[in-house]
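For reference, the structure discussed in these notes is given below.
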There are 2 protein chains.
Amino acid sequence: MSEPNKLLYYFKKWTDLTEAEEAIIMSVFESVVIKKKNEMLVAGQVCSHLYFITKGCLRSYYIDTKGTEHIYQIRMDNNWISDLESFFSQKPSKYHIETLEDSHLLCITHERMEQLLVEVPRLERYFRILFQKAYVNALNRLNATMWKTAIDRYNDMIQEHPEVFQRVPLVYIASYLGITPESLSRIRRQK
Amino acid sequence: MSEPNKLLYYFKKWTDLTEAEEAIIMSVFESVVIKKKNEMLVAGQVCSHLYFITKGCLRSYYIDTKGTEHIYQIRMDNNWISDLESFFSQKPSKYHIETLEDSHLLCITHERMEQLLVEVPRLERYFRILFQKAYVNALNRLNATMWKTAIDRYNDMIQEHPEVFQRVPLVYIASYLGITPESLSRIRRQK
DNA sequence: CCTATTTCTTACCATAGGTTAAGTGTGCGG
DNA sequence: CCGCACACTTAACCTATGGTAAGAAATAGG
């Protein structure tokens, strides 16, 4: 399956599309391949693109006042990544986005995205469902972070996202779980 | 402004609506007044309605294995509340929803909501933007919970939602901030 | 194949926040 | 206007996780 076709497949899971609409979509997404360790977005910049990952791995993080990185998203194949706040408002981002592997991405600029949603309003439904699910997930993660122990969150992650452990260094996973790499080591030892 | 009109006002901030569409919306939302301390949703039940709060205050929370309540949402005037996961999947909820004040709500059932989104597809845009913003907020809150101190989260909340402190007991605010009431007391003393 | 760098672990002490338990207001229903 | 439930505070002690520093193991590049 070609890459834009993969994207159409996911769109059509949640909304109907005519052939004309599919053609519009194919024309506005640009396919790129990005090398590992590439900074796609740097804090202070406006987030120019929304990315669909057909293959690869990226992380979103921010850097606090002490200069420490804090990862809040790790995304792999067939997922979207961006800083939605900056992308849709076109204001400077607080976050960074970086490739953790060589990655195949489909990208769209803010201008083209807004235009696309007007030309193919049925995509609003797809993104409504996408953001709705993302929101529900974020709330579940928030509750886990507030009220479960680091041990439980680690176990949950092994259950739900075992692939990540195969592809991402533990330092990043520790940060994603909200703990230090040292604490993650301690947790892993005690099992 | 009548209550359903208030809702139309918010819809029209983010999407266009014809008079016919407005009429459909007016007909599917039911207006109710609920007394304080009413359990709108209990864990194990399917979340039957999506609520728009025209006036009042509600909280969402869950009860852990030890029987302790953990609040993750406090919502007031002109906001939506529901358990979206249960509402859209029509599977049993993990959460509770309760009124903290006598509240005026506009409610819609799952069946009517799905129908409404088909009959007035332009509402998909409204909810896409609503969930997108809610998702961005949830991620910001997640980052604050993971990486800021309780003191900073307390100060942020006073800055951003001072109204809540006028209307909601501190026990609930403490839980929302992810700390115990005792810790919140400690923080308030040290200022 | 060897070296440099990255990744991961261990051990120490420090600390934010949880736990428990007791107390002081304060407002509302009878 | 009394009493009781609710809201909030205080204090002493405890624990999970952080910070720091060092070293071991694994991986990548020359």
Side-chain angles (χ1 to χ4, degrees), chain A residues 35-39 57 59 61-72 74 98-102 141-158 164-191, chain B residues 35-39 57 59 61 63-71 74 98-102 141-158 164-191:
Chain A
K35 279 247 170 289
K36 188 173 170 169
K37 290 264 171 190
N38 190 304
E39 292 258 8
C57 184
R59 66 173 178 139
Y61 62 98
Y62 79 95
I63 299 179
D64 69 18
T65 43
K66 289 179 190 157
T68 313
E69 291 181 2
H70 302 291
I71 300 174
Y72 68 100
I74 296 173
E98 187 197 44
T99 48
L100 294 180
E101 300 176 353
D102 294 354
R141 234 179 109 199
L142 181 71
N143 277 327
T145 302
M146 280 195 188
W147 304 113
K148 286 188 169 184
T149 64
I151 298 170
D152 288 343
R153 275 176 280 142
Y154 171 74
N155 288 329
D156 289 353
M157 184 150 179
I158 287 192
V164 181
F165 289 83
Q166 309 307 313
R167 291 167 65 173
V168 178
L170 291 176
V171 222
Y172 295 152
I173 294 177
S175 182
Y176 179 87
L177 288 172
I179 57 178
T180 59
E182 292 85 352
S183 290
L184 183 54
S185 257
R186 182 161 37 198
I187 289 170
R188 287 161 61 85
R189 190 192 346 154
Q190 284 161 359
K191 301 205 54 175
Chain B
K35 279 245 170 290
K36 188 174 171 169
K37 290 261 170 193
N38 191 303
E39 291 261 5
C57 184
R59 65 173 180 140
Y61 62 100
I63 300 179
D64 68 19
T65 43
K66 290 181 191 156
T68 313
E69 293 180 1
H70 302 291
I71 299 174
I74 297 174
E98 187 196 44
T99 48
L100 294 180
E101 301 176 354
D102 296 354
R141 233 178 109 200
L142 180 72
N143 277 327
T145 303
M146 281 195 187
W147 305 113
K148 285 188 170 186
T149 64
I151 298 170
D152 288 343
R153 275 177 279 142
Y154 171 74
N155 287 330
D156 290 351
M157 184 151 179
I158 288 192
V164 181
F165 290 83
Q166 309 307 313
R167 289 167 67 173
V168 177
L170 291 176
V171 222
Y172 296 151
I173 294 177
S175 182
Y176 178 87
L177 288 172
I179 57 178
T180 58
E182 292 85 352
S183 290
L184 183 54
S185 257
R186 185 158 36 197
I187 289 168
R188 287 160 60 83
R189 189 188 349 147
Q190 284 161 0
K191 303 204 52 173

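Convention: sequence-line order gives letters A, B, ...; per-chain numbering from 1.
- Partner of His70(A) under the ring-ring contact (aromatic ring centres under 6.0 Å, His included) criterion, chosen from Tyr172(A), Tyr62(A), Tyr176(A): Tyr62(A).
- Atom pair Ile71(A):CD1 and dT7(C):C1' shows a separation of 14 Å (rounding to whole Å applied).
- Between Phe165(B) and Tyr154(B), the two ring planes are perpendicular [angle over 60°; tilted spans 30° to 60°].
- Summarising the geometry, atom CG belonging to Asn38(A) is positioned 5.0 Å from atom OG1 belonging to Thr99(A); distances are rounded to the nearest 0.5 Å.
- By the 4.5 Å heavy-atom criterion applied to side chains, Glu98(A) and Glu69(A) are not counted as neighbours.
- Heavy atoms only, all atoms of each residue included: Pro181(A) and Val171(A) are closest at CG-CG1, 3.6 Å.
- The distance from atom CD of Glu69(A) to atom P of dT6(C) is 13 Å, rounded to the nearest whole Å.
- A donor-acceptor pair is defined here as one N or O able to donate and one able to accept, closer than 3.5 Å; such a pair exists between the side chain of Asp102(A) and the backbone of Lys36(A).
- Atom CG of Leu142(B) sits about 10.5 Å away from atom CG of Asn143(A), to the nearest 0.5 Å.
- Screening residues 145-158 of chain B for salt bridge (charged side-chain N to carboxylate O under 4.0 Å, His left out), with sequence neighbours left out, gives Lys148(B)-Asp156(B).
- Residue Ser183(B) places none of its side-chain N or O atoms closer than 4.0 Å to OP1 or OP2 of dG17(C).
- Of the side-chain N and O atoms in Thr180(B), none sit less than 4.0 angstrom from OP1 or OP2 of dG17(C).
- Using a distance-only test at 3.5 Å, with no hydrogens or angles considered, no donor-acceptor pair links the side chain of Thr145(B) to the main chain of Met146(A).
- For the helix from dC1(C)-dG30(D) to dG30(C)-dC1(D), the axis fitted to the five pairs at one end and the axis fitted to the five pairs at the other end meet at an angle of 50° (nearest 10 degrees).
- Among pairs with a residue in residues 165-184 of chain A, those fulfilling salt bridge (charged side-chain N to carboxylate O under 4.0 Å, His left out) read Asp77(A)-Arg167(A), Glu101(A)-Arg167(A), at least two apart in sequence or across chains.
- Taking atom CG of residue Leu100(A) and atom P of nucleotide dT6(C), one finds them 15 Å apart after rounding to whole Å.
- Contacts between residues 169-179 of chain B and DNA chain D, defined by a heavy-atom separation below 4.0 Å, involve Pro169(B), Leu170(B), Val171(B), listed by number.
- Between chain A and DNA chain D, the heavy-atom contact criterion of under 4.0 Å yields a 5' to 3' nucleotide range of dT17(D) to dA21(D).
- The side chain of Arg186(A) places no N or O atom within less than 4.0 Å of a non-bridging phosphate oxygen (OP1 or OP2) of dT10(C).
- For the residue pair Ser183(A) / Arg186(A), a side-chain donor-acceptor distance below 3.5 Å is found, with atom types taken as modelled.
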> Taking protein heavy atoms under 4.0 Å as touching, what does nucleotides 22-28 of chain C look like 5' to 3' if B marks base contact, S marks sugar-phosphate-only contact and - marks none?
Replying inline: -------
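- Across all their heavy atoms, Ile179(B) and Ala150(B) have their closest contact at CG2-CB, 3.7 Å.
- Summarising the geometry, the separation between CD1 on Ile151(B) and P on dG18(C) is reported as 12 Å, rounded to the nearest angstrom.
- Considering every non-hydrogen atom in both Cys57(B) and Val168(B), the closest pair reads SG-CG2, 3.8 Å.
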